[in-house]
Amino acid sequence: MSASRMSLIAALEQTNQTLVRLTSALSDQALDFHPAAQEWSIREVLAHFVDDEIYIMRLRLERIVKEERPHLAPHDEKAWHASRNTTRDHLNELLSDFALQRSASLGMLKMLRESDWTRQGYQPEYGWFTAEGWLERWVEHDTVHLQQIEKTLSAYQLAG
């Protein structure tokens, strides 16, 4: 496996630990704080991590690897968020669910063959991309939302 891919996978391996470090000691008040009217709370970002891991990130990679140049449906995260199942949104459940799903994703990533990384999929927002390109987007997705949690936590502390 290329050093670049190994580095990207290592970044994905760190996300769970970072989520636990950032959120495990937070109160419900901190978890549910909205820094602005249309911005997600930390709890909502954690739920998004879980949902995306299951329904978007790993599923798209699986389709790229298993299907010949699949067309992948766009994902309207705002619409999904408005109607998502919230029954497992306690902090310990979100962290546990994410850890389990990320572990499954990492297992899949680590078993891909060299030829799998060059397979392509198409998504209207991004155009054509390879499995390796999707891995890069996956890491970028994690980074954006980890920064979002940090900013929300800072806003909460300033408001308090």
Side-chain angles (χ1 to χ4, degrees), residues 4-65 70 72-112 121 123-126 129 131-160:
S4 171
R5 258 186 254 130
M6 286 176 28
S7 174
L8 291 167
I9 291 171
L12 291 179
E13 288 176 322
Q14 293 303 307
T15 299
N16 187 58
Q17 291 171 287
T18 303
L19 288 173
V20 169
R21 178 179 54 80
L22 290 172
T23 66
S24 63
L26 295 179
S27 67
D28 284 337
Q29 185 178 5
L31 289 166
D32 295 327
F33 173 79
H34 290 264
Q38 297 300 315
E39 292 184 32
W40 287 350
S41 68
I42 292 171
R43 187 184 314 272
E44 291 167 331
V45 175
L46 288 170
H48 173 74
F49 263 113
V50 173
D51 293 347
D52 264 22
E53 195 72 17
I54 299 168
Y55 300 113
I56 304 299
M57 309 313 280
R58 189 171 63 238
L59 182 60
R60 284 185 179 169
L61 182 64
E62 181 182 335
R63 287 196 58 210
I64 290 167
V65 171
L72 307 165
H75 173 63
D76 182 345
E77 65 185 27
K78 288 182 181 181
W80 173 259
H81 173 75
S83 64
R84 65 177 293 280
N85 181 348
T86 60
T87 59
R88 288 194 55 84
D89 280 2
H90 293 287
L91 178 61
N92 63 337
E93 293 168 333
L94 290 168
L95 292 173
S96 177
D97 289 351
F98 180 77
L100 178 68
Q101 296 303 324
R102 179 53 58 96
S103 179
S105 297
L106 290 167
M108 184 176 73
L109 287 163
K110 291 175 181 178
M111 69 172 233
L112 294 180
Q123 207 273 337
E125 293 173 82
Y126 309 124
F129 55 90
E132 187 162 3
W134 186 244
L135 176 60
E136 292 167 0
R137 288 190 186 279
W138 202 334
V139 171
E140 181 181 313
H141 175 266
D142 280 16
T143 301
V144 164
H145 289 300
L146 289 170
Q147 290 171 349
Q148 183 181 15
I149 289 172
E150 290 172 335
K151 286 180 184 177
T152 300
L153 186 53
S154 292
Y156 172 75
Q157 291 166 341
L158 286 172

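Remember, it's a predicted structure, so these values are computed and weren't measured experimentally.
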- Message: Is it the case that atom OH in Tyr126 sees more than 12 heavy atoms from other parts of the structure closer than 6.0 Å?
- Response: yes

- Query: Does the side chain to side chain contact (heavy atoms under 4.5 Å, CB included) test come out yes or no for Ile149 and Thr18, once each step is laid out?
  - Reply: CA-CA 10 Å; Ile149 289 172; Thr18 303; over 6 Å; no

- Is Leu22 close to Ile42 at the side-chain level, that is, under 4.5 Å between some pair of heavy atoms? no

- Measuring from Met108:CE to Leu106:CG, what's the distance to the nearest 0.5 Å? 9.5 Å

- Task: Report the distance from atom CG of Leu135 to atom CZ of Arg137, rounding to the nearest 0.5 Å.
- Result: 12.0 Å

- Should the heavy atoms of other residues, nucleotides or ligands under 6.0 Å from CD of Gln38 be counted, would the total exceed 12? no

- Give the ring-plane orientation class for Phe49 versus Phe98, where under 30° counts as parallel, over 60° as perpendicular and anything between as tilted. perpendicular

- Is a donor on one side and an acceptor on the other found under 3.5 Å between the side chain of Ser41 and the backbone of Leu31? yes

- Which pair of heavy atoms, one from Leu59 and one from Ile54, lies closest together, and at what distance? CB-O, 4.1 Å

- More than 12 heavy atoms from other groups under 6.0 Å of NE2 on His90: no

- Quick one: closest heavy-atom pair of His34 and Trp40, and the distance? ND1-C, 4.0 Å

- Message: So, taking the atom named OG1 in Thr87 and the one named CD in Glu93, what distance separates them when rounded to the nearest 0.5 Å?
- Response: 7.5 Å

- Note on the structure: Rounding to 0.5 Å, atoms CD1 (Ile9) and CE (Met6) come to a distance of 8.5 Å

- Task: Specify the closest pair of heavy atoms between Leu12 and Asp142, including all atoms of both residues, with the distance to one decimal.
- Result: CD2-OD2, 3.3 Å

- Task: Search all heavy atoms of His75 against all heavy atoms of Asp52 and return the closest pair with its distance.
- Result: NE2-OD1, 3.6 Å

- Closest non-hydrogen contact found for Val139 with Leu8 is CG2-O, 3.4 Å

- Message: Go through it in stages, so that I can follow the logic: the residues are Leu61 and Leu112, the test is side chain to side chain contact (heavy atoms under 4.5 Å, CB included), and I'd like the CA-CA distance, side-chain angles, deciding distance and then a yes or no.
- Response: CA-CA 10 Å; Leu61 182 64; Leu112 294 180; 4.1 Å; yes

- Message: Tell me whether Glu13 is salt-bridged to Lys110, with the criterion being a basic N under 4.0 Å from an acidic carboxylate O.
- Response: yes

- Query: Can any side-chain N or O of Thr152 pair as donor or acceptor with the backbone N or O of Gln148 at less than 3.5 Å?
  - Reply: yes

- Closest heavy-atom pair and its distance - Gln123, Pro74: NE2-CA, 2.9 Å

- Task: Could you tell me whether the side chain of His141 reaches within less than 4.5 Å of the side chain of His48, counting heavy atoms only?
- Result: yes

- Task: Report yes or no: does Arg60 contribute a side-chain atom to a donor-acceptor pair with the main-chain N or O of Ala73 at less than 3.5 Å?
- Result: yes

- Task: Please round to the nearest 0.5 Å and tell me the distance separating atom CG of Leu109 and atom CH2 of Trp134.
- Result: 12.0 Å

- Side-chain touch Phe33/Glu39, heavy atoms, less than 4.5 angstrom: no

- Counting only heavy atoms not in Gln29, do more than 12 sit closer than 6.0 Å to its CD atom? no

- Message: For a side chain to side chain contact (heavy atoms under 4.5 Å, CB included) check, start with the C-alpha distance between Arg84 and Asp89, then their side-chain angles and the critical distance, and finish with the verdict.
- Response: CA-CA 11 Å; Arg84 65 177 293 280; Asp89 280 2; 2.7 Å; yes

- Query: So Gln101 and Met57, side chain to side chain contact (heavy atoms under 4.5 Å, CB included) or not? Walk me through it.
  - Reply: CA-CA 10 Å; Gln101 296 303 324; Met57 309 313 280; over 6 Å; no

- Message: Just so I know, are the side chains of Arg43 and Asp28 near enough to count as touching, which here means a heavy-atom distance under 4.5 Å?
- Response: yes

